[in-house]
Amino acid sequence: MTHSPEALGISIVLAGEAGQGIQTIEQLLTKILKLDGYHVYATKEYMSRVRGGTNSISIRVASKPVQAPLQRIDLLVALDEKVLSHLQYRITEETIIVGDPEVLGAVPGILPVPLRQMASELGNEMYANTIALGLISGLLAVDAQVMEKYLSSRFADKGDDVVANNIKAAGLGYDRSWTLRESGEVRFSEIRKHEHSNEIMVNGSEAIAMGAIAGGCQCITSYPMTPGTGVITFMAQHQHDFNLVVEQAEDEIAAINMALGAWYAGARAMVTTSGGGFALMTEGVSLAGMLEMPVVIHLAQRPGPATGLPTRTEQGDLELALYAGHGEFPRIILAPESLQSAFAVSRQAFDLADRYQVPVIILSDQYLVDTYYNTAAFALDPRETLPSIVETTEEYQRYQFTPDGISPRGIPGRGLGLVGADSDEHDEAAHITEDLDLRVKMVDKRLRKLGRIKEELPAAGLEGHKDWRTIIISWGSVNPIVREAVAELNRNDVAQIAIQQVYPLPADLHQYLKKADRTIIVESNATSQMGNLILRETGHTFQHAILKYNGLPFTVEELVENLRQCLLA
Amino acid sequence: MTHSPEALGISIVLAGEAGQGIQTIEQLLTKILKLDGYHVYATKEYMSRVRGGTNSISIRVASKPVQAPLQRIDLLVALDEKVLSHLQYRITEETIIVGDPEVLGAVPGILPVPLRQMASELGNEMYANTIALGLISGLLAVDAQVMEKYLSSRFADKGDDVVANNIKAAGLGYDRSWTLRESGEVRFSEIRKHEHSNEIMVNGSEAIAMGAIAGGCQCITSYPMTPGTGVITFMAQHQHDFNLVVEQAEDEIAAINMALGAWYAGARAMVTTSGGGFALMTEGVSLAGMLEMPVVIHLAQRPGPATGLPTRTEQGDLELALYAGHGEFPRIILAPESLQSAFAVSRQAFDLADRYQVPVIILSDQYLVDTYYNTAAFALDPRETLPSIVETTEEYQRYQFTPDGISPRGIPGRGLGLVGADSDEHDEAAHITEDLDLRVKMVDKRLRKLGRIKEELPAAGLEGHKDWRTIIISWGSVNPIVREAVAELNRNDVAQIAIQQVYPLPADLHQYLKKADRTIIVESNATSQMGNLILRETGHTFQHAILKYNGLPFTVEELVENLRQCLLA
Amino acid sequence: MMHFDMEKIDIAWCPGCGNFGILNVLKRTLVDLKIRPQDLVLVSGIGQAAKTPHYIKANFFNGLHGRALPPATAIKAVNPELKVIVTSGDGDMYGEGGNHFIHAIRRNPDLTVIVHNNMVYGLTKGQASPTSQLGFVTPLQVDGVFEEPFNPLAVAVALNASFVARTSIHDLALTQKLFAQAIQHKGFALVDTFTPCVSFNKVNTRQWYQEHTYIVGDDYDPQDRNEAFKKAVEAEPWPLGVIYKSPAKASFEENLPVYKNNKQPLIDRRVQWEKLEALIESKKI
Amino acid sequence: MMHFDMEKIDIAWCPGCGNFGILNVLKRTLVDLKIRPQDLVLVSGIGQAAKTPHYIKANFFNGLHGRALPPATAIKAVNPELKVIVTSGDGDMYGEGGNHFIHAIRRNPDLTVIVHNNMVYGLTKGQASPTSQLGFVTPLQVDGVFEEPFNPLAVAVALNASFVARTSIHDLALTQKLFAQAIQHKGFALVDTFTPCVSFNKVNTRQWYQEHTYIVGDDYDPQDRNEAFKKAVEAEPWPLGVIYKSPAKASFEENLPVYKNNKQPLIDRRVQWEKLEALIESKKI
Ligand SMILES: Cc1ncc(C[n+]2csc(CCOP(=O)(O)OP(=O)(O)O)c2C)c(N)n1
Ligand SMILES: Cc1ncc(C[n+]2csc(CCOP(=O)(O)OP(=O)(O)O)c2C)c(N)n1
Ligand code: SF4
Ligand code: SF4
Ligand SMILES: [Mg+2]
Ligand SMILES: [Mg+2]
């Protein structure tokens, strides 16, 4: 394998029980690393419990921007002994394991750091985590001043003592790191630093929530469900600033029906949920189809069926999203791959929903919403996201027939007209009908919008050298991992199509697939749902499917390995 | 067109407002026709209201068994004037329209029969319907004794007067028919009579309900929803005889979760619903997948999206049935085409669910459940439908790994063991787990069952001459209509595959499609959902799709016409 | 009254159905209260009662069976200037929609909720509804209903609903009075309205309602919650009138932070670009 | 007590969580009542409380969030010989599961329903539950809860539930007494159980419960529905004990025609082939 620390950066993992404070180390560490000019990437895997168990945070520090997890661990900070078996498969001969011998016991190959004892000496065991932070910072050659400055500002509101103690604790760890480095016990390859103080660090949930706000979202109604909850939580925190109605519904059925009512009355609204909650919304999705009511649904996938693995990741709900709701009506499904596109797609979702009067589903997953890295500040220009609402006249008819099937959308109280919305088959004025010829016209009207959507959505595009013969396809959060793996392969004959527009699929997809000698699909599910969709839409069958469904994201190394095998076959 | 009354029989339509009594005429008439030795077929189309509007019942009387509706009307009994415009498109120059001039007014081309006046002369306007009945019976040359005998037995419990008056009324109509026939005003081709007193007449709902009882169904929990309600209503009526628990749930979510609880405790249970209700059940379908709990779901389709056309027919929920529920798990979907197969499939559904521990969906539609004709009495042999439940030992583990993925199913209270059911990812003992290797094994175990199902389900088979070059594919209730249309076409080069096993599709399908020069798909929906499924499963794209989605079933004549056009193309 | 009448429509109800009375009284009340059709939204689920919005010339949202309250709540939250009235059936509101009924009361949006309580499922042809009385025989409840009938008033009192009333359509004057009070009340106002289904409920007829109800006396104080509970559980005869009024409380919309300092409906507000820029900026560290 | 203990398990609750107390009291009660694990089914939805069935050695059905009551009802209907106990959370039972809560009470299946009421959503990290108190601040309810808290006891009394009790896990003896009574009661028996969530509810702590509750006196008569309602709406201090017992009524299973003349569980019955043959025969005319 070619993956060297030089190429891939350094892979650090913080692991321990829920409640032991790895999150504290993580939050401080990633910020300090970023401030110091490193490219930082972090993702987490955790159990569905509040205390105990084993959780881990994987951090990559690199000379170039990175957006994918590594399998290998270079530096493991183990806060309890269960961690070692939990992460066994990621630990190599070169992995440096740092831990407190008091906690871990006598594990061979461990670099013992008496964190607790050192903390006690400082007067409080709580500082063990800060010591660990200093230690890692030192091992990574972080500028001590940057570290101290950040700690000062971070703890400023806790008082001078806390600041001083934290700086002291971090310093203790930092000093220890020098001993280790100098003794030659720990040596990481050098990582270049950059000036990127203009970049931001947010996770997928935050990116989606901010994108929604930029998209004019004014109302979010949802029922808590991991990993969908992050979006509504973020919006709740910022509701005062952004004039948001944030309502925790009694169930997901209420949530989606509220969102439809909100759009009807003139607001832009969304819901956020996961597979089980979305399953409950499917009648409401069908209602959106019939009412031609815009609505934005964030569906953050986790492994199913049923309750499944609530805090893990999967791409197992694509088909559910595609076909949810009885009867036939158009929809749009978008699966952002990165923080930038999470923001952009989420913003765009509101415009698309409004423009075509269809449900738009943002299909993310636990991996995407819980991952963050430094990235360019989200661009806010152009600022126009005016809703396409018309002032009604007395003759206004909500479902007026039009060539492209899109009827001007009025709202109650704005104009002289009256605005209906009807879940039965209806006439142009939205009144219930049993005229079966009208029925056919209304079905055609609704479906016609899909033609328009297909015309207007962009092409997929292909990434790779012009001599490509193999195409690798993936979608959503898997794309950047494939991208890095393909870069690692470094072959002229391999190209990638990274789908983010799941439905309707980009029109140019078929043309590329037809030309390929070899096609490979990569998905985080067991039945290759995207492969099935592409087959259905283009008739194309993939030669290889690389599928992962143990609840964890792909890693770069395993994808490189899997792709190599496919390319050999 | 070749359709002659000789070939197709006589097409009679009774039409009027809801509440005017067309159902009474229908019920009496079809019984009498059957008793008299005719092959009788009847189907209804009605509006979503209790009174008013326009409903119609189409009856075919033929020399051979018929199972498909005709477009053409030979004899129209119009109980109100709205009927004429409502049925305009089915009325030809030859159509004989019988109606009361008092009610219809002076409509040109109508054969006026003063039904009301005649009834008043008998002392009660209520008898107008019986007079109409006699009239139609006479026009069809029904044996007057058969008619009278049936009326006597039918009204016996209402007292001698009612019997006498009904016979008198029917006689009046009957006599009038002779005048009409002798005057030459009405002349139908002769239809042969047969001895088939051993045959039964039930509609699709009743066939499914009886099949369920034969399949050992002991419990039905549902929330009323047209057109799914017929099945639970029939079972409610017969619950005392068959030891059934029949419970109207508070909503569809309760219904499916109750059914799962019932199977868990050892009963065979089902739910019946339509698209909107099924949409609400999808989280429960996913739960069935995770619990590996058998369950039988009758999904009677009606046009969507949302409330749509509640009393009409469509095949628009195939994709919903296929992909309902988040996450990945196997399921079986069966779409019966006839009363015989409605009974057989419904019975079989319980065995399949039990055997493979998966949800089995019976996909019918309003047309199928509301249609009836004379058919052989349902065969009850062999009588074995023993549930495959094991007595548990102390070591019992509900999700024990097995080569085919099917674990022996125990139930609580039967044996020394304990039986768990868990909606989280779980270990063999059904306990919640976050062991991600176990997760993969459990996914594989669940999906492995599909392989077994595919092996054991029968082939599709093809109907047609050995020289076929064109294949016409349809599914469910559309099959018999295609069958009759293909017979009408009478071409050696056309064959039919009538799918009733929707998922997994029959294994031999692809082999036929590959050999065909021309393939045509016929479906009652707007987007060719079966076509999409076949494309996804076999890579095959149909040259022609004949799609109907105005809420009415196909008719033989329109299919003949459509197919001819495809064959010319 | 003219402006709430539809032009030519074919009303899908059976002759003699109590829904006609409710429709007429409602239209008359709306005229009396000088409500503009443009400012009114009628919301319903699915059922015979739920067709009411199709027969009144106003804005309407005829959604899913059981799901009238969530969109109604949201409409009001998005534009508090609209008058929002829910007209739906007993099955819709207390059966399929039961969870929303509970939680909407807890939220207390400023809605008028008229439940056409015919103690049966009309549209689906006669099954028991949650309010069907013990022993009521139907095609599904062949031995008669044995489940404890749902008492919407008692439950609403238990949830401390802000306005709880019962009327019966045999008394048009009372019905109009209560509709008017409910519409003028700020907060969740329930008017459970007894109404005959002439096709599927042969027990609880217009006459039966007349004979089995009485109007609460002028001395009855709907502000006493314990008394209200006692009244709410009374049956045969059933009390009609305002059964309960909770101590004054803010409506859902009033509680929403978004309207605390600014009464503009959401539609009139735009994205706060500066604040969003600042928020993004704050993520640089 | 041994036979309800699991071998080696890793309980996913936080140290100090009230669920431990409920688990232990429940196991002890089951032993005292001499219930065989094989004859017991524990049913739950999803949440921290809903994990309880995984920690008791018995049959269990751990279904979907909010959906504990429908399968529990069906299990009892299919095999009335089983003892069925539901142990789930306040969000599960009164939020997502609210509609089943209402209608299960109406049906009155012979279930014991223990609601671990910690006034918060534990598993999803601290959002308000329907029973969260006014002003309770959470990551989602940033200005504090303003919706009227759901009062399960008052609603149960309004629905004429057959057995309605409240306990608090700070009082183990009372809890065991009430669990035992509820399990022995025939019909729907609700025990709303106050329990601290040490991670996400810093207001309603063990001590808070201790300080804000009292046990109803011996003179309190739970058979008087109006008195029960008064008691049920009392708060701060909250009454503990049996709040209401309805007049004796048949359970759901007893009402089912299938058990009227034959007590055999369904599993022991076979298809009535002769009757089916006769039914088919009857369709020949
Ligand atoms: C999800 C769903 N389930 C079931 C139905 C069928 N359905 C339509 S109306 C209705 C009940 C109507 O009863 P009610 O609300 O009392 O209204 P009524 O017709 O008596 O006025 C039912 C069950 C539906 N449309 N959608
Ligand atoms: C359909 C669905 N919606 C949401 C969730 C997420 N969820 C799991 S548990 C829970 C709430 C738990 O609260 P409660 O029932 O009070 O239990 P606790 O954890 O407090 O014991 C939620 C919202 C889910 N699993 N399924
Ligand atoms: S069925 Fe009943 S509720 Fe429906 S319109 Fe007729 S009388 Fe009214
Ligand atoms: S989060 Fe709360 S309810 Fe859950 S285990 Fe911890 S203390 Fe108990
Ligand atoms: Mg009703
Ligand atoms: Mg809770």
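A, B, ... follow the sequence lines: proteins, then strands. Residue 1 opens every chain. Note: hydrogens, waters and symmetry copies are ignored here, and every other heavy atom, side chains too, is used.
- Contacts between A/A429 and chain C at a heavy-atom distance below 4.5 Å involve the backbone alone (N, CA, C, O).
- The closest side-chain heavy-atom distance from A/H240 to C/V258 is not below 4.5 Å.
- When A/N257, A/T392, A/L416 are compared by the number of non-hydrogen pairs under 4.5 Å with chain C, A/N257 comes out ahead.
- Chosen from A/F234, A/Y150, A/W263, the residue pairing most often with chain C at heavy-atom distances under 4.5 Å is A/F234.
- Residues A/L418 and C/P37 have side chains in contact (heavy-atom distance under 4.5 Å, counting atoms from C-beta outward).
- For a residue to count as touching a neighbouring chain, one of its non-hydrogen atoms must lie under 4.5 Å from one of that chain's; by this rule C/R106 does not touch chain A.
- For A/A269, no part lies near chain C; criterion is any non-hydrogen pair under 4.5 Å.
- Side-chain contact between A/E199 and C/K284 is absent, with no heavy atoms from C-beta onward closer than 4.5 Å.
- Here A/A254 is the residue among A/C219, A/G415, A/A267, A/A254 with the most heavy-atom pairs under 4.5 Å with chain C.
- C/E81 touches chain A through its side chain: at least one heavy atom from C-beta onward sits under 4.5 Å away, while N, CA, C and O do not.
- A salt bridge does not link C/R67 with A/E250: none of the charged nitrogens is closer than 4.0 Å to a carboxylate oxygen.
- Only the side chain of A/Y264 comes within contact range of chain C, judged by heavy atoms closer than 4.5 Å.
- Residue C/K260: no heavy atom, backbone or side chain, is found under 4.5 Å from chain A.
- For C/L256, the part lying under 4.5 angstrom from a heavy atom of chain A is the side chain only.
- Of the atoms belonging to A/M293, it is side-chain heavy atoms, and not backbone ones, that fall under 4.5 Å from chain C.
- When side chains are defined from C-beta on, A/E247 counts as touching C/R107, because their heavy atoms get closer than 4.5 Å.
- Aromatic pair A/H431/C/F60: centroids less than 6.0 angstrom apart.
- Contact annotation for C/L82: only side-chain heavy atoms (C-beta onward) come within less than 4.5 Å of a heavy atom of chain A.
- Residue contact with chain A, scored on non-hydrogen atoms closer than 4.5 Å, is absent for C/L69.
- Looking at A/L380, both its backbone and its side chain come within 4.5 Å of chain C, counting heavy atoms on both sides.
- Ion pairing between a basic and an acidic side chain is recognised when a charged N comes within 4.0 Å of a carboxylate O; A/R414 and C/D39 show no such pairing.
- In this structure the side chain of A/F378 never reaches within 4.5 angstrom of the side chain of C/K283, judged on heavy atoms.
- Neither the backbone nor the side chain of A/E434 comes within contact range of chain C; no heavy atom of the residue lies under 4.5 Å from a heavy atom of that chain.
- A/H238 touches chain C through its side chain: at least one heavy atom from C-beta onward sits under 4.5 Å away, while N, CA, C and O do not.
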